[in-house]
Protein chains: 2
Amino acid sequence: MINHIKKLLPLDKLEEEVLLSKITFKKLKRRQFLLQEGDVCRHYNFIVEGCMRMYMVDEKGTEHNLQFGEKNWWITDIGSFHSDVPTQLFIDALEPSEVLQIKKEDLIFIYTHFPKIDRYFRVLIENAFIKMQARVLQNISATAEEKYLTFLKDYPNLSNRISQIQIASYIGVTPEFLSKVRRSLMK
Amino acid sequence: MINHIKKLLPLDKLEEEVLLSKITFKKLKRRQFLLQEGDVCRHYNFIVEGCMRMYMVDEKGTEHNLQFGEKNWWITDIGSFHSDVPTQLFIDALEPSEVLQIKKEDLIFIYTHFPKIDRYFRVLIENAFIKMQARVLQNISATAEEKYLTFLKDYPNLSNRISQIQIASYIGVTPEFLSKVRRSLMK
DNA sequence: AAAAAATCTTAACCTAGGTTAAGATTAATT
DNA sequence: AATTAATCTTAACCTAGGTTAAGATTTTTT
C-alpha cells in the first residue's frame, strides 16, 4: 500500500511510519464477507492480494455488482463509512484475498496531520467519481454489447479472472444475454 | 455561494474575502452554453439562479443528461477540469441562469491556504460520488418506472421545472416511453 | 396577438434484452 | 479421483422499452 501511495506522491519516513502504525491486516477466504447489508462500514479497505466485489441484492434476490477490486485497489462503501449509516451493500472475496484496513478515526487523524496523504485520498475520490460518471453515461446511452466491450477494455486483467456471471451483473444484463452477445461478437 | 458554504462550515472574514475576490459572475440566456464538447473545462461553476444541465451527445445526435443543477448547486466537468483534457460534455442553461466561477489556479490556491474550504470541496465530491454510485445501482437494477419515481422523490423541485424530455434523457429512456410510464402510473 | 417552435400523447409495430429450462463444460470440494 | 456445485451455452418464447409518425397542447419568440 505504501508503495502504491508513493507512486502518486513521495512519503517521508514519518508519514510512512504513521500510516503503517494505523493499518491492520486481514485474510479472507473465497466467498468470505468483508461487509454485509446492515453493517456500518467502519474501514477503508486496500486490497493487497486477490479479487473482491461490492454489490447490492434486490428484493428478488438478484445481485448487482457495483464495483470490483483487485491488488492495489481500494474497496469501501464510502456512504456508510462517512455517515455511520447501515449499508445496503455487500463486499466479498471472489478469490482468497488479503486486505489492509484503516479505521475512520485513524484516517481522520491522518487527514488532519498529513496534508500530503489527505491530498492522496482526495485525488482517489475524484478519480473514482470521474469513473462513476463515465459509467452512468454508458448506462444511459450504450447497448449491452458496447458496455461489454468497454468493460473488457477498461478491466483487461479482471475479465480473465472473473466469471461472466459477475461481468453480466456489473454491466446490468443477464448472464444468458451476455452469452448471446459474446457469440455474436465471435463470428 | 458564501452563505451556502457557511451552512456546511462557518467562514471567518479572511476566508470570505479571499473567496469573493476569486469569483467571477456570469449571466446566461436560455440555451446558452457554459461548456461545449472539445473545450477544456477551466472553472468550477456555482449556480446562483436558474437551472442548467450537463450532457453528452452520441453519434446519432441523441442527448444524454448526466446531471442537472439549480440554485446552490455546483456543475462542472471535473474530469476535464482536473486533467486539462478536452471534454466530451456540454453544459447549457435550461432557464435564464446566473453562475459564479472559480478558475483552477485560484481553487488550488484556496485549497492550499484554507484547509477549511479544502474540506468543504472534499465533502462536496464525496457526496457527489455517493449519489453517482446510487444512480449506477439504479441503472443496473431498476425498471424505467422505478427510475422515474426515484427521480421525482430525489428532485421534487426540478421535476416541476424541467420537461419530460429532459427527465427521460436523465433516466435513460425515450420521452415516448416515459409518457407510457406516466399514464400507467396515473390510473 | 400571431406565428413558430417545442412538448406531450397515442398508437401500431419492432427489437434488445429477459425468462425458463435443459444439457454440456468447467471448477471447487470431499 | 470422485462428487458436487457452479458456470456457460442454446433455444423457444416473452416483455420492457424503442421507433416512427401524426395530432393536440403548451411554450417561446416575434
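Values below: every heavy atom of this structure, side chains too, minus hydrogens, waters and symmetry copies. Naming: A, B, ... by sequence-line order, numbering from 1 per chain. Keep in mind that this is a model prediction, so the values were computed, not measured.
- At least one donor-acceptor pair under 3.5 Å links the side chain of B:S80 to the backbone N or O of B:V85.
- For B:I165, taking side-chain heavy atoms from C-beta onward, the closest of the listed nucleotides C:dG17, D:dA6, C:dC8 is C:dC8.
- Of the possible polar contacts, one joining the B:N65 side chain to the B:Q166 backbone as a donor-acceptor pair under 3.5 Å is found.
- Using a 4.0 Å cut-off, some side-chain N or O of A:R182 falls inside it from OP1 or OP2 of D:dT9.
- B:F114 places a side-chain heavy atom less than 4.5 Å from the side chain of B:L14.
- When the P atom of D:dT26 is taken as reference, atom CZ of B:R161 falls 21 Å away, rounded to whole Å.
- Between A:Y148 atom OH and C:dG17 atom C1' the separation is 17 Å, expressed in whole Å.
- Protein atom CG of A:L94 is 12 Å distant from nucleotide atom P of C:dA28, rounded to whole Å.
- C:dT15 atom P lies 14 Å from atom NZ of A:K180, rounded to whole Å.
- Side chain of A:R135 to backbone of B:Q133: no donor-acceptor contact under 3.5 angstrom is found.
- Using a 3.5 Å distance cut-off with no hydrogens or angles, the side chains of B:D58 and A:S141 do not pair a donor with an acceptor.
- For A:F68 and A:Y170, the ring centers sit closer than 6.0 Å to each other.
- Straight-line distance from the NZ atom of B:K147 to the P atom of D:dA16: 13 Å, rounded to whole Å.
- Residue B:R183 places at least one side-chain N or O under 4.0 Å from the OP1 or OP2 atom of C:dT10.
- We find that NZ of B:K60 is positioned 7 Å from P of D:dT19, with the value rounded to whole Å.
- Applying the side-chain hydrogen bond (donor to acceptor under 3.5 Å, both in side chains) test between B:D92 and each of B:R53, B:K29, B:R31 identifies B:R53 as the sole match.
- Closest contact between the side chain of B:F177 and the listed nucleotides C:dC8, D:dG17, D:dT29 involves D:dG17.
- For the pair A:Q164 CD and D:dC8 P, the computed distance is 4 Å after rounding to whole Å.
- Map B:V181 and B:E176 each onto its nearest nucleotide of DNA chain D; the residue landing nearer the 5' end is B:V181.
- Helix-axis bend for the helix from C:dA1-D:dT30 to C:dT30-D:dA1: the local axis fitted to the five terminal pairs at one end deviates from that at the other end by 70°, rounded to 10°.
- Residue-level contact check: B:T174 touches the bases, meaning some heavy atom is under 4.0 Å from a base atom.
- When each of A:T143 and B:R30 is assigned the nucleotide of DNA chain C with its nearest heavy atom, B:R30 is the one assigned upstream, toward the 5' end.
- As rounded to whole Å, 10 Å separates atom C1' of D:dC8 from atom CG of A:L178.
- Taking side-chain N and O atoms only, A:S179 has no distance below 4.0 Å to OP1 or OP2 of D:dC8.
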